[in-house]
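Worksheet: one structure, shown below.
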Amino acid sequence: EETTVEIDIANERFTASGLSITERNYLDVYPYDKWSEKTIPVFQQGQTFQPTSIDMTQGETSPPSLLHEADLIALMEKHGIGTDATHADHIETIKQRR
């Protein structure tokens with residue numbers, strides 16, 4: 001069962017979502033199959049619990065990689081921008097805007 005859990009800790013809201021397995025059925029006898037790599041325990045609405053650990057991790061986001069000309073043309077065709085004759089003009093305009 002797909003489940004989303006919302007947690008309030010020190011006036012901060014955290015959410016976790018994953019698969020709660022309520023009945024393992026054939027998973028007990030066939031260990032090679034998994035329903036999800038992201039399982040969470042089964043919780044009831046309004047249930048309170050004490051977390052066993054809270055870890056603060058530091059990370060950074062990174063911008064998407066730059067498009068090559070072939071990737072840009074493929075996206076333009078996918079979204080119906082320009083024609084074969086005008087693709088070069090559109091790409092040149094984009095380069096000038098940088």
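Values below: every heavy atom of this structure, side chains too, minus hydrogens, waters and symmetry copies. Heads up: numbering here begins at 1 and tracks the sequence. Remember, predicted model here, so these are calculated numbers, not experimental data.
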Mind checking what makes salt bridge (charged side-chain N to carboxylate O under 4.0 Å, His left out) contact with R97, not counting sequence neighbours? none
Within the side chain of E92, is there an N or O that forms a donor-acceptor pair under 3.5 Å with the backbone of D89? no
Inspect the surroundings of CD1 in I9 and state if more than 12 heavy atoms from other residues, nucleotides or ligands are less than 6.0 Å away. yes
One should read off an interatomic distance between M76 CE and D84 CG, to the nearest 0.5 angstrom, of 10.0 Å
Testing the basics here: between H87 and I81, what is the closest heavy-atom pair and its distance to 0.1 Å? NE2-O, 3.4 Å
Nearest heavy-atom neighbours spanning L67 and D71: CD2-CB, 3.9 Å
Rounded at 0.5 Å granularity, tell me how far CZ in F43 sits from OG1 in T4. 12.5 Å
Spacing of NE2 belonging to H90 relative to OG1 belonging to T83, to within rounding of 0.5 Å: 7.0 Å
With clusters defined by side-chain heavy atoms of hydrophobic residues (ILVMFWY) lying less than 4.5 Å apart, directly or transitively, does V42 cluster with V5? no
Checking E6 now: which residues fulfil salt bridge (charged side-chain N to carboxylate O under 4.0 Å, His left out) with it, not counting sequence neighbours? R13
Assess whether side chain to side chain contact (heavy atoms under 4.5 Å, CB included) is satisfied between L72 and I91, documenting all intermediate values. CA-CA 8 Å; L72 183 57; I91 291 172; 3.6 Å; yes
